[in-house]
Amino acid sequence: VHFNQPGDVATVLRALYLVFNEGYSGDIDLVSEAIRLTRQLATMTNHEEAAGLLALMLLHHARRPARISADGRLIPLAEQDRSMWNTRMIAEGIDILQAALARDRLGEFQAQAAIAAAGLAAASIWQARSRQAQAVSVDMTHAAVECRSERYLRVEGKPPPPMWDPIAGVYRTGDHRYVRLHTNFPHHRDNVCKVLGCKAEREDVQRALTGWEGEAFETAAYAGGCVVALMRSRDEWLATPQAQALAALPLLTTEKIGDAAPRPWPSGARPLAGLRVLDLSRVIAGPVAGRTLAAHGADVMLVSSSNLPSIPWLVIDTGRGKLSAFADLRTDEGRAALRGLVADADVFSQGYRPRSLAALGFSPEAVAALSPGIVYVSLSAYGHVGPWAARRGFDSLVQTATGFNHAEGEAAGIAGPKELPMQILDHVTGYLMAFGAMMARARQAREGGSWHVRVSLAQTGRWLWDLGR
C-alpha cells in the first residue's frame, strides 16, 4: 500500500473511524477488524493520527462488555460493571496515547483520546489502589466555568477587585508594534517604570514607549526584571529561536532523575488519599494543579512567603482544599523547614522560573535526594530549553508572544491584540501538571525511581493551536 498524496492517511483514518462506529450497529461485528486495520496502519506509516485513533478505539472498546445488557440495552457509564472492563486494553490504549503525546502534533483523534484517557487513567489509579472501579465524566459547561473560576469567585457576596494593575495592558511602540505589560506585582511595575524612566501612569508609560522599538523594549525589559511581551503573529513566533527550540519537545516530558524503591499506595477512601503534595507556585497554572490534586484526595500544602507578593483573591480561588504555610527560603531556617517537609512528600510542584529554586538548594535532583521516589513537577512560561528558558511570563503574555492575541484581533476586525475569553493556557497547563504528576506517581508505584515532569505555558499553547481553530 502506498500513500503518495497529501491527505491519503487522513482519508483512510476517517474511513476506519466510520467502520469502527458503525461496526457496533450492524449484523456483522466490524469493530475488531477496524482496530486490526488501524493498528496495521499505525505500524506501516508511523503516523501521529493513526496512533491517536488506535488509542481512542482501544479505550472505547475496552468498555464494550459492560456497555450492553443481555437484552441489548445500552448501559449508562455510571451503571456499568467496571469489573467487566478490559484493563489490559485500557493500559495499551494509555501507553499508545502517552507515546503519541511525545510527538510533535496532536490532532482531532488524539485530542479526543486524551480526554478519554485522562478520565480512564484516574479510574485506573483508583482501581490499582482499591481494586474498585469508578465512573468518570466531564460536563463541557462545568469545564468552561472551571477555566474561568477566578471570574466567578465571590467573598461575602462580593466579586473580586479589578483584575489588572492600572498601568497593565497594551501599548504602542515607536515602530507601530504592540507590547503588553504585566504589572500586577509591585516589583514588576517598578521595574517597568525604571526601564522606561517614567511615572506609573498610563499616559506617561505610553509617552515613554513611543521612543522604543517593540523588540528592543521587550529585550531590555526582560533584562531589567520586567514581565512584558511583544505581540507577534503566529508566523513571527514560529520563526523565533525559542519556538524552534520547543518544536522538538512533546506537550509534557517525564524523566527519571533518581533510583528509588516503588512506594506502595497508602490506604484511603479517595484516589490520591494519603499522598502529600508541596505546592510552591503562584497566580493560576501551578495553583490549579495543586487544587486538582487536592480535589482527588491528596494532602496539598501551599508553601509561600510573607515576603512574596500575591493576589489574595487568586489565592482564595485556587486554594480550595489546601493547607498553607510560610517559609522564607532566603534564610537557613526557611530552607531547613522546607527540607523537613520534602522528606515526607510524594509530589513537589513548583512554578518559579527555571533554576531559581535550584539556586536555593531545591533542584529536582536535590529534592529527589531528600525524598527518593518523589515526583517533581516544574512549570515554566516558555519551556525549559531555548534562549527564553529563564524568562518570566504569565498566560496573557504567552498569548501575546505566540500569536493568539494577534489571531483573535484579526478575527474580531481590530488592529491590536485581543485576549482569549479565559486564561486558558493557565488552566489547561494546571490540569496537565496534575495529570503528569498522577501518571508519574503511578509509574513510580510500578517501577520505582524519582521522576521529573516538565510543563510550560508555551507548549500548552502550541498544543491548543494545533487542535485547530
Side-chain angles (χ1 to χ4, degrees), residues 147-155 158-171 178-196 198-206 208-209 217-218 220-231 279-291 302 304-319 324 350-353 356 379-382 390-402 404-405 416-427 429-430 456-458 461:
C147 286
R148 288 170 56 91
S149 59
E150 68 277 3
R151 315 288 180 93
Y152 303 120
L153 175 71
R154 295 294 182 269
V155 177
K158 299 177 181 179
M163 180 177 297
W164 298 103
D165 176 75
I167 69 166
V170 176
Y171 295 85
Y178 291 92
V179 293
R180 185 181 296 279
L181 313 184
H182 196 294
T183 57
N184 282 0
F185 289 157
H187 64 295
H188 292 157
R189 180 183 61 238
D190 294 344
N191 289 341
V192 164
C193 293
K194 183 177 179 180
V195 169
L196 292 176
C198 69
K199 294 180 291 185
E201 299 173 0
R202 290 196 69 87
E203 295 78 8
D204 211 36
V205 172
Q206 181 58 79
L209 279 168
F217 169 69
E218 182 186 53
Y222 272 113
C226 309
V227 191
V228 308
L230 174 70
M231 187 181 79
D279 178 3
L280 282 80
S281 62
R282 293 184 293 166
V283 190
I284 297 179
V288 164
R291 184 179 71 187
L302 172 65
S304 187
S305 170
S306 58
N307 297 310
L308 291 174
S310 67
I311 302 174
W313 54 274
L314 281 181
V315 175
I316 295 171
D317 176 58
T318 61
S324 63
Q350 67 92 14
Y352 292 93
R353 280 185 304 138
S356 60
L379 164 68
S380 61
Y382 295 101
R391 283 197 173 186
R392 302 170 178 86
F394 298 98
D395 179 302
S396 58
L397 300 179
V398 178
Q399 284 190 35
T400 303
T402 62
F404 282 97
N405 284 183
K418 186 178 188 302
E419 301 83 2
L420 292 168
M422 58 185 68
Q423 302 282 90
I424 191 64
L425 304 187
D426 265 335
H427 285 276
T429 301
S456 77
L457 300 178

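On a predicted model such as this, the values are computed, not experimentally measured, just so you know.
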Quick check: closest heavy atoms across [X] and [Y], and the distance to 0.1 Å?
| X | Y | answer |
| --- | --- | --- |
| S456 | A381 | CB-O, 4.1 Å |
| Y382 | A229 | OH-CB, 4.4 Å |
| D165 | N184 | N-OD1, 2.9 Å |
| V398 | T402 | O-OG1, 2.6 Å |

Under 3.5 Å, is there a donor-acceptor pair between the side chain of [X] and the main chain of [Y]?
| X | Y | value |
| --- | --- | --- |
| T183 | A168 | yes |
| D395 | D426 | yes |
| Q350 | Y352 | yes |

For residues 281-291, which side-chain donor-acceptor pairs fall under 3.5 Å, sequence neighbours excluded?
{"residue": "S281", "atom": "OG", "partner": "D279", "partner atom": "OD1", "Å": "2.4"}
{"residue": "R282", "atom": "NH1", "partner": "P309", "partner atom": "O", "Å": "2.7"}
{"residue": "R291", "atom": "NH1", "partner": "S149", "partner atom": "OG", "Å": "3.3"}
{"residue": "R291", "atom": "NH1", "partner": "D317", "partner atom": "O", "Å": "3.1"}
{"residue": "R291", "atom": "NH1", "partner": "D317", "partner atom": "OD2", "Å": "3.4"}
{"residue": "R291", "atom": "NH2", "partner": "E146", "partner atom": "OE2", "Å": "3.2"}

Looking at [atom1] of [X] and [atom2] of [Y], how far apart are the two atoms once the value is rounded to the nearest 0.5 Å?
| X | Y | atom1 | atom2 | value |
| --- | --- | --- | --- | --- |
| F404 | L425 | CZ | CG | 5.5 Å |
| E201 | I167 | CD | CD1 | 9.5 Å |
| N191 | R392 | CG | CZ | 7.5 Å |
| K199 | C193 | NZ | SG | 10.5 Å |
| E218 | M231 | CD | CE | 12.5 Å |
| L230 | L397 | CG | CG | 11.5 Å |

* C226 side chain reached by R189 side chain, heavy atoms, under 4.5 Å -> no
* Asked: Can L302 and V315 be said to form a side-chain contact (heavy atoms from CB on, under 4.5 Å), step by step?
  -> CA-CA 10 Å; L302 172 65; V315 175; 4.3 Å; yes
* Sequence neighbours excluded, which residues qualify as ring-ring contact (aromatic ring centres under 6.0 Å, His included) partners of H182? -> W164, F394
* Show your reasoning for whether side-chain contact (heavy atoms from CB on, under 4.5 Å) applies to Q399 and R180. => CA-CA 10 Å; Q399 284 190 35; R180 185 181 296 279; over 6 Å; no
* Over 60° means perpendicular and under 30° means parallel, so classify the ring planes of F185 and H188, tilted if in between. => tilted
* To do: With side-chain contact (heavy atoms from CB on, under 4.5 Å) as the test, would you mind laying out the steps for L196 and F217 before giving the verdict?
  => CA-CA 9 Å; L196 292 176; F217 169 69; 3.5 Å; yes
* To do: Output, in order, the C-alpha distance, side-chain angles, deciding distance and verdict of side-chain contact (heavy atoms from CB on, under 4.5 Å) for V228 and V179.
  => CA-CA 7 Å; V228 308; V179 293; 5.7 Å; no
